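To start, the structure under review is shown below, and the notes come after it.
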Amino acid sequence: MTRPMSRAQRVEAFLREALQTYETLEDWYDAHPEASFGEIEEAARQRRRELMGRALEILINGRDTGFQVQLPRCAVCGAEMDFEGYKDWTIYGLEGDTRLERAYYVCPDCEDQGLFPPGPKTE
């Protein structure tokens, strides 16, 4: 899981991912020395998409998971909501698939009232 990090920590996390991506591509090329340019490009494209998905995950989750120190209030009854932990979901984007982690809150009084901040701005 990625929790909020400083900018320097996010950069470091991305660079680790980028290095691993490049090393994986080097290993693939070692195993396929006769590959054509098109085959190398296809292998690189697949790994780039994985890297971009991971980069978006670091960028978004590394800044904000929706956790709120002051508990949010239920939109229906106004009671303080309970923090239920973190939930994640995968967004299948053009540049890569990204797993987002968000704090999840539920109302102890209203059935089926939950809050998954920050909501639509990350969808």
Side-chain angles (χ1 to χ4, degrees):
M1 283 192 175
T2 305
R3 294 288 183 253
M5 301 181 274
S6 69
R7 183 183 191 120
Q9 290 170 319
R10 290 190 306 270
V11 168
E12 185 179 316
F14 172 76
L15 292 175
R16 278 193 309 270
E17 292 291 330
L19 179 59
Q20 180 60 45
T21 298
Y22 184 78
E23 290 291 338
T24 301
L25 190 57
E26 282 278 357
D27 292 344
W28 181 90
Y29 196 25
D30 286 346
H32 302 87
E34 301 300 320
S36 68
F37 181 83
E39 291 167 330
I40 297 167
E41 185 180 37
E42 178 60 29
R45 185 178 298 119
Q46 291 171 357
R47 282 149 189 85
R48 186 217 62 208
R49 190 171 192 291
E50 293 165 4
L51 176 61
M52 288 302 98
R54 185 70 181 115
L56 291 169
E57 184 177 313
I58 292 166
L59 179 68
I60 295 169
N61 293 333
R63 286 178 177 233
D64 181 15
T65 59
F67 181 79
Q68 300 176 21
V69 175
Q70 184 172 341
L71 293 172
R73 297 212 168 263
C74 175
V76 174
C77 72
E80 277 191 347
M81 301 182 90
D82 295 329
F83 175 68
E84 289 286 311
Y86 292 91
K87 293 190 177 188
D88 58 74
W89 80 94
T90 300
I91 294 180
Y92 301 95
L94 295 174
E95 284 297 316
D97 301 338
T98 304
R99 188 182 55 127
L100 296 181
E101 301 166 345
R102 289 291 168 262
Y104 184 66
Y105 299 87
V106 295
C107 179
D109 300 323
C110 297
E111 192 173 315
D112 297 327
Q113 283 300 310
L115 177 65
F116 207 37
K121 71 180 182 181
T122 56
E123 294 176 358

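All figures in this text were calculated on a predicted structure; none of them were measured in a lab.
Put simply, the side chain of N61 gets close to the backbone of R99: a donor and an acceptor are under 3.5 Å apart. Side-chain atoms of R10 come within 3.5 Å of backbone atoms of M5 as a donor-acceptor pair (strictly under, hydrogens ignored). Remark: side-chain polar atoms of T65 are not paired, donor with acceptor, to backbone N or O of E101 under 3.5 angstrom.
Taking CD of E17 as the start and CD1 of I58 as the end, the distance is 5.0 Å to the nearest 0.5 Å. Atom-to-atom distance recorded for Y22:OH and L51:CG is 14.0 Å, nearest 0.5 angstrom. One distance of note links CZ of R47 with CD of E42; it measures 9.5 Å at 0.5 Å rounding. Annotation: the span from S36 atom OG to E41 atom CD amounts to 9.5 Å, rounded to 0.5 Å.
Evaluation of the salt bridge (charged side-chain N to carboxylate O under 4.0 Å, His left out) rule for R7 yields no partner, not counting sequence neighbours. Applying the salt bridge (charged side-chain N to carboxylate O under 4.0 Å, His left out) criterion to R63, with sequence neighbours excluded, gives no partner residue. Listed by chain and number, the residues in a side-chain hydrogen bond (donor to acceptor under 3.5 Å, both in side chains) with T90 amount to none (sequence neighbours excluded). Listed by chain and residue number, R16 satisfy the salt bridge (charged side-chain N to carboxylate O under 4.0 Å, His left out) test with E12 (two or more places apart in sequence, or in another chain). F83 pairs by the ring-ring contact (aromatic ring centres under 6.0 Å, His included) definition with F67, Y86, Y105, not counting sequence neighbours. Legend: residues meeting salt bridge (charged side-chain N to carboxylate O under 4.0 Å, His left out) with D82, ordered by chain and number and at least two apart, are absent. Contacts of E84 classified as side-chain hydrogen bond (donor to acceptor under 3.5 Å, both in side chains), with partners at least two apart in sequence or in another chain: none. Residues passing the side-chain hydrogen bond (donor to acceptor under 3.5 Å, both in side chains) test with E95, sequence neighbours excluded: none. In terms of the side-chain hydrogen bond (donor to acceptor under 3.5 Å, both in side chains) criterion, E50 has no residue partners (sequence neighbours excluded).
Between R49 and D97, at least one side-chain N (NZ, or NE/NH1/NH2) sits under 4.0 Å from a carboxylate O, which counts as a salt bridge.
Side chains of Q20 and T24: a donor-acceptor N/O pair is present below 3.5 angstrom, by distance only.
Here the closest heavy-atom approach between residue P33 and residue A31 is recorded as CD-C, 3.4 Å. Nearest heavy atoms, M81 versus P108: CA-CD, 4.3 Å.
In the hydrophobic cluster analysis, where Ile, Leu, Val, Met, Phe, Trp and Tyr join through side-chain heavy atoms closer than 4.5 angstrom, W89 is grouped together with I60.
For residues 28-39, no residue pair satisfies the salt bridge (Lys or Arg N to Asp or Glu O under 4.0 Å) rule, not counting sequence neighbours.
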*asked:* Could you go through Y92 and T98, starting from their C-alpha distance and side-chain angles, then the distance that decides it, and tell me whether this counts as side-chain contact (heavy atoms from CB on, under 4.5 Å)?
replied: CA-CA 7 Å; Y92 301 95; T98 304; over 6 Å; no

*asked:* Go through it in stages, so that I can follow the logic: the residues are L100 and D88, the test is side-chain contact (heavy atoms from CB on, under 4.5 Å), and I'd like the CA-CA distance, side-chain angles, deciding distance and then a yes or no.
replied: CA-CA 5 Å; L100 296 181; D88 58 74; over 6 Å; no

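Apart from Y29 itself, the hydrophobic cluster it occupies contains W28, I40, where clustering links Ile, Leu, Val, Met, Phe, Trp and Tyr at side-chain heavy-atom distances under 4.5 Å. Other members of the cluster containing L59 do not exist, because no ILVMFWY side chain is joined to it at under 4.5 Å.
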